[in-house]
Novice: 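Dropping the structure in here first, questions after.
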There are 2 protein chains.
Amino acid sequence: MYTPIDIFWQIIKGKYKAKILIYLNERTLRYSIIRKKFAGASERILIKQLKELEKERLIEKKITGTKPPFKTEYKISNYGKTICPLLKQMWFWGEKHLQQK
Amino acid sequence: MYTPIDIFWQIIKGKYKAKILIYLNERTLRYSIIRKKFAGASERILIKQLKELEKERLIEKKITGTKPPFKTEYKISNYGKTICPLLKQMWFWGEKHLQQK
DNA sequence: CGGTATCCGCATTGATACTG
DNA sequence: CAGTATCAATGCGGATACCG
């Protein structure tokens with residue numbers, strides 16, 4: 001018996017997803033750039049979470065070039081944009097929480 | 001290197017936490033009632049997440065009685081109330097997401 | 001460059017039985 | 001009634017090497 005917040009949870013669950021969406025909401029990014037932003041993360045996990053976000057249609061991937069080196073760009077979708085105000089509020093709340101400590 | 005959204009994430013991470021807060025925001029609940037609402041969950045996990053929420057001062061626990069049967073009530077704290085509007089928006093977003101499918 | 005493949009540790013979750 | 005204790009399972013996250 002799933003409530004809507006379980007649905008939300010399913011989609012956003014994952015260590016990097018929220019932050020990926022925030023970054024992509026600012027600008028389109030190539031994979032190599034994303035990887036640098038999440039220097040601590042393993043590629044396996046990063047790719048996995050990018051794929052899941054893509055599957056949920058929150059982000060879009062565009063590949064240029066037919067043979068290596070490839071060039072792939074990740075961008076936020078119109079649908080993905082609808083979740084960003086919410087993510088920003090999480091950000092703000094997190095800031096306030098820090099001040100309280 | 002933690003951003004505020006990582007902080008938020010740390011606090012709300014956990015399968016039942018968001019929903020617990022939403023329930024407690026409506027009314028104070030005894031443990032046995034909470035357990036019924038999360039019929040599928042194991043007690044160990046439920047207790048653990050309640051404790052973590054208590055540790056972060058998002059909820060408060062009050063125990064009545066010195067010998068069994070005890071009576072414990074969980075209620076949301078003033079601080080916990082500040083996060084609920086955000087949780088409700090997650091709920092709404094989840095609803096919309098469902099309609100799209 | 002942008003991934004996969006493989007292997008692994010560990011935290012989270014879970015089922016069940018027991019207790020103050 | 002409101003938990004704890006114990007043990008098992010599973011899946012997330014991570015390190016490293018390799019490939020189209």
Side-chain angles (χ1 to χ4, degrees), chain A residues 1-3 5-21 23-24 27-56 59-76, chain B residues 1-3 5-21 23-24 27-56 59-76:
Chain A
M1 196 200 63
Y2 289 110
T3 63
I5 206 161
D6 294 317
I7 305 299
F8 181 88
W9 187 249
Q10 287 301 322
I11 288 171
I12 212 59
K13 175 168 62 106
K15 199 168 180 180
Y16 309 117
K17 285 184 187 171
K19 223 193 284 186
I20 289 171
L21 287 170
Y23 286 152
L24 290 183
R27 66 183 63 81
T28 297
L29 292 174
R30 294 188 56 173
Y31 174 69
S32 53
I33 307 296
I34 296 177
R35 199 172 47 195
K36 276 179 197 159
K37 285 181 177 291
F38 296 92
S42 89
E43 287 200 61
R44 204 178 72 87
I45 302 302
L46 210 50
I47 291 288
K48 194 183 165 207
Q49 306 213 344
L50 283 165
K51 272 191 177 166
E52 287 172 7
L53 289 173
E54 193 191 351
K55 189 183 162 199
E56 293 292 343
I59 67 175
E60 290 160 3
K61 183 166 70 166
K62 198 173 99 182
I63 306 176
T64 317
T66 51
K67 60 180 70 170
F70 297 115
K71 178 181 168 186
T72 72
E73 286 191 326
Y74 288 93
K75 65 171 295 201
I76 198 157
Chain B
M1 195 201 61
Y2 289 110
T3 62
I5 206 161
D6 294 317
I7 305 300
F8 180 88
W9 189 248
Q10 287 300 324
I11 289 170
I12 212 60
K13 174 169 63 103
K15 199 168 180 180
Y16 310 116
K17 285 185 188 170
K19 223 193 284 186
I20 290 171
L21 287 170
Y23 287 152
L24 291 183
R27 66 182 62 83
T28 297
L29 291 174
R30 295 189 57 173
Y31 174 69
S32 52
I33 307 297
I34 297 177
R35 199 172 46 195
K36 276 179 199 158
K37 285 181 178 290
F38 296 92
S42 88
E43 288 200 61
R44 206 179 72 86
I45 302 302
L46 211 50
I47 290 288
K48 193 184 165 208
Q49 306 212 345
L50 283 166
K51 272 192 179 168
E52 287 172 8
L53 289 172
E54 193 190 350
K55 189 183 162 199
E56 292 292 342
I59 67 174
E60 290 160 2
K61 182 167 70 166
K62 197 173 102 184
I63 306 177
T64 317
T66 50
K67 58 180 71 170
F70 297 115
K71 178 182 169 187
T72 72
E73 287 192 324
Y74 289 92
K75 65 171 293 199
I76 198 157

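Since this is a predicted model, take the numbers as computed values, not measurements.
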Novice: Using the C1' atoms of the five pairs at each end, what is the angle between the end axes of the helix from C:dC1-D:dG20 to C:dG20-D:dC1, to 10°?
Specialist: 60°

Novice: Between OH of B:Y74 and NZ of B:K62, what distance do you get to the nearest 0.5 Å?
Specialist: 14.0 Å

Novice: Are side-chain heavy atoms of B:T64 and B:F70 found at a separation under 4.5 Å?
Specialist: no

Novice: Counting distance alone, no hydrogens or angles: does the base of D:dT4 have a donor or acceptor under 3.5 Å from a partner atom on the side chain of B:R44?
Specialist: no

Novice: In whole angstroms, how far is the C1' atom of C:dC1 from the CG atom of A:L29?
Specialist: 16 Å

Novice: Rounded to whole Å, how long is the line connecting atom CH2 of A:W9 with atom P of D:dC12?
Specialist: 13 Å

Novice: Between D:dG11 atom C1' and A:E52 atom CD, what is the distance in whole Å?
Specialist: 12 Å

Novice: Quickly, which of A:K36, A:K61, A:E73, A:E43 forms a side-chain hydrogen bond (donor to acceptor under 3.5 Å, both in side chains) with A:Y31? Name it, please.
Specialist: A:E43

Novice: Using atom CG of A:L46 as one end and atom P of D:dC12 as the other, report the distance to the nearest whole Å.
Specialist: 16 Å

Novice: Closest heavy-atom contact between B:K19 and A:T3?
Specialist: CE-OG1, 3.4 Å

Novice: Between D:dG13 and A:Q49, is there an OP1 or OP2 to side-chain N/O distance shorter than 4.0 Å?
Specialist: yes

Novice: To the nearest angstrom, how far is A:K15 atom NZ from C:dA11 atom C1'?
Specialist: 11 Å

Novice: If you compare all heavy atoms of A:Q49 against all heavy atoms of A:K15, which two are closest, and at what distance to 0.1 Å?
Specialist: NE2-N, 3.4 Å

Novice: Could you give the distance from CD1 (A:I5) to CD1 (A:I12), rounded to the nearest 0.5 Å?
Specialist: 12.0 Å

Novice: Think A:Y16 has a side-chain N or O under 4.0 angstrom from the OP1 or OP2 of D:dG14?
Specialist: yes

Novice: Kindly compute the distance separating CG (A:L46) from CZ (A:R35), expressed to the nearest 0.5 Å.
Specialist: 9.0 Å

Novice: Tell me: CD1 of A:I45 to C1' of C:dG3, nearest whole Å?
Specialist: 14 Å

Novice: Any heavy-atom pair between the side chains of B:Y16 and A:W9 that's under 4.5 Å?
Specialist: no

Novice: Can you measure A:F38 atom CZ to D:dG14 atom P for me and round it to whole angstrom units?
Specialist: 12 Å

Novice: Would you tell me if any nitrogen or oxygen in the side chain of B:K48 comes within less than 4.0 Å of OP1 or OP2 on C:dG14?
Specialist: no

Novice: Which pair of non-hydrogen atoms, one from B:I11 and one from B:K17, has the smallest distance, and what is that distance?
Specialist: O-CD, 3.4 Å

Novice: At a cut-off of 3.5 Å, list every protein nitrogen or oxygen paired with a nitrogen or oxygen from nucleotides 1-3 of chain D, distance to 0.1 Å.
Specialist:
from: D:dC1; atom 1: O3'; to: B:R30; atom 2: NH2; distance (Å): 3.0
from: D:dC1; atom 1: O3'; to: B:F70; atom 2: O; distance (Å): 3.2
from: D:dA2; atom 1: OP1; to: B:R30; atom 2: NE; distance (Å): 3.0
from: D:dA2; atom 1: OP1; to: B:R30; atom 2: NH2; distance (Å): 2.9
from: D:dA2; atom 1: OP1; to: B:T72; atom 2: N; distance (Å): 3.2
from: D:dA2; atom 1: OP2; to: B:S32; atom 2: N; distance (Å): 3.1
from: D:dA2; atom 1: OP2; to: B:S32; atom 2: OG; distance (Å): 3.0
from: D:dG3; atom 1: OP1; to: B:K61; atom 2: NZ; distance (Å): 3.3
from: D:dG3; atom 1: OP2; to: B:T72; atom 2: OG1; distance (Å): 2.9
from: D:dG3; atom 1: OP2; to: B:Y74; atom 2: OH; distance (Å): 2.9
from: D:dG3; atom 1: N7; to: B:E43; atom 2: OE1; distance (Å): 2.8

